[in-house]
Structures are given as structure tokens and as C-alpha cells.
Amino acid sequence: DYCYTHGGAKGHHEQWDSKLFHYMKYEVLRFLLSNLRWWLEEYRFDGFRFDGVTSMLYHSHGIDKSFSGDYQEYFGLDADVDAHIYLMLANDLIHELVPGAVTVAEDVSGMPTLCLPLADGGFGFD
């Protein structure tokens with residue numbers, strides 16, 4: 001039931017009625033990153049739009065949060081660091097394989113480092 005996702009309530013997004021990936025499982029990272037690579041190489045994609053990034057960035061999925069700009073809201077205990085790492089790896093892979101590729105994150109929280117380069121401690125989105 002949860003080979004690629006978290007088990008129990010942690011693995012279910014109640015508002016979207018969908019499963020949540022367990023980003024620190026090797027098999028999950030391999031699956032997700034290999035899919036990115038496949039689209040880049042097989043279909044010559046030159047970019048990706050990551051939808052629902054706010055839901056990935058926080059354990060609360062950003063639900064019922066009003067982001068005011070306080071860094072604790074973005075990098076506190078609610079931050080899903082595993083998802084942060086996956087997004088950084090995804091951007092690194094995409095830009096390594098296709099240097100001119102564009103990656104866009106749909107985020108409503110205003111995460112401060114979303115569009116900073118990886119080398120500067122950001123997520124690497126364009």
C-alpha cells in the first residue's frame with residue numbers, strides 16, 4: 001500500500017485525496033528523478049512546471065497558514081526537509097542535463113529561497 005509513499009495518515013493528503021511520496025526512500029528518488037530524465041531525453045523537454053509545491057514544502061501542506069514573511073514559517077518544524085532535498089536534486093538534475101532548461105514552481109507561500117541557485121543555498125527554480 002505504501003511502497004512509494006508514507007504509511008498511514010502521513011501518506012495521505014486529505015484535501016486532495018491523494019498519496020504523499022516518501023522522498024527519502026531510495027526507490028522513490030530513483031523513480032522520480034529517472035522520470036524527469038526520461039522526459040528530458042526521450043521528448044526533449046526544455047523545462048518543467050512543478051505544481052502544488054506549497055503542499056510539498058510543509059508537513060501541514062500550507063493549509064490554514066497565512067505566510068507573513070517570518071523565516072520560522074518557512075524553515076521551522078513544519079518544513080518538510082525531505083521534500084526540500086528532492087526539489088533541489090530535481091533542479092540539479094534538470095539543469096545538469098539541459099543547461100538551458102526552465103523550472104517553475106507553483107507556490108503560494110512565498111518561500112524565500114525557492115528561486116535562488118543551488119550554489120547559494122536555494123532550491124534552484126528559475
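Just so you know, these numbers come straight off a predicted model, no measurement behind them. The first residue in the sequence is number 1, and the count goes up from there.
You'll find the side chain of Leu36 reaches within 4.5 Å of the side chain of Ile94, heavy atoms only. Counting heavy atoms from C-beta outward, Val108 and Glu106 have side chains that approach closer than 4.5 Å. Residues Lys10 and Leu20 are not in side-chain contact: their nearest non-hydrogen atoms beyond the backbone lie 4.5 Å or more apart. Between Leu97 and Arg37, the closest side-chain pair of non-hydrogen atoms falls below 4.5 Å.
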**OP:** Test side chain to side chain donor-acceptor pair (under 3.5 Å) on His22 and Asp82 and set out the steps.
**Re:** CA-CA 8 Å; His22 189 319; Asp82 295 349; 5.1 Å; no
**OP:** Go through Ser68 and Asp70 one step at a time and tell me if the side chain to side chain donor-acceptor pair (under 3.5 Å) criterion holds.
**Re:** CA-CA 6 Å; Ser68 66; Asp70 181 358; 5.6 Å; no
Original post:
For His13 and Lys19, what are the C-alpha separation, side-chain angles and deciding distance, and is it a side chain to side chain contact (heavy atoms under 4.5 Å, CB included)?
Top reply: CA-CA 6 Å; His13 191 301; Lys19 297 291 187 179; over 6 Å; no
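Both Leu29 and Trp38 are part of a single hydrophobic cluster, where members link through side-chain heavy atoms under 4.5 Å apart. Both Phe67 and Val81 sit in one connected hydrophobic cluster of ILVMFWY residues. Membership requires side-chain heavy atoms under 4.5 Å apart, directly or through other members. Met111 and Tyr71 end up in the same hydrophobic cluster when Ile, Leu, Val, Met, Phe, Trp and Tyr side chains are linked at under 4.5 Å. When hydrophobic clusters are built by joining Ile, Leu, Val, Met, Phe, Trp and Tyr residues whose side-chain heavy atoms come closer than 4.5 Å, directly or via intermediates, Leu57 is not grouped with Ile63. Using a 4.5 Å cut-off between side-chain heavy atoms of Ile, Leu, Val, Met, Phe, Trp and Tyr, with links allowed through other members, Tyr26 and Met88 fall into different hydrophobic clusters.
Ring geometry for Tyr58 versus Tyr74: interplanar angle of 30 to 60°, hence tilted. Between Phe48 and Phe45, the ring planes are tilted. Angles from 30° to 60° get that label.
To the nearest 0.5 Å, the span separating CD1 on Ile85 from CG on Asp92 amounts to 13.0 Å. Taken to the nearest 0.5 Å, the OG atom of Ser60 stands 11.5 Å off from the CG atom of Leu77.
A centroid separation of 6.0 Å or more is found between the aromatic rings of Phe21 and Tyr4.
Ionic pairing of Asp51 and Arg49 is present here: one or more N-O contacts between side-chain nitrogen and carboxylate oxygen are shorter than 4.0 angstrom.
Considering only residues two or more places apart in sequence or on other chains, Lys65 meets the salt bridge (charged side-chain N to carboxylate O under 4.0 Å, His left out) condition with Asp78.
Shortest non-hydrogen contact noted between Thr103 and His95 is OG1-CE1, 3.4 Å.
For CD of Glu41, the number of neighbouring non-hydrogen atoms (other residues, nucleotides, ligands) closer than 6.0 Å is greater than 12. Dense packing is recorded around CG of Asn35, with more than 12 heavy atoms of other residues, nucleotides or ligands lying under 6.0 Å away. Heavy-atom contacts from other residues, nucleotides or ligands closer than 6.0 Å to CD of Gln72 number 12 or fewer.
Within the structure, the ring pair (Phe, Tyr, Trp, His ring centres under 6.0 Å) test picks out the following pairs touching residues 99-126 (sequence neighbours left out): Phe50-Phe125, His84-Phe123.
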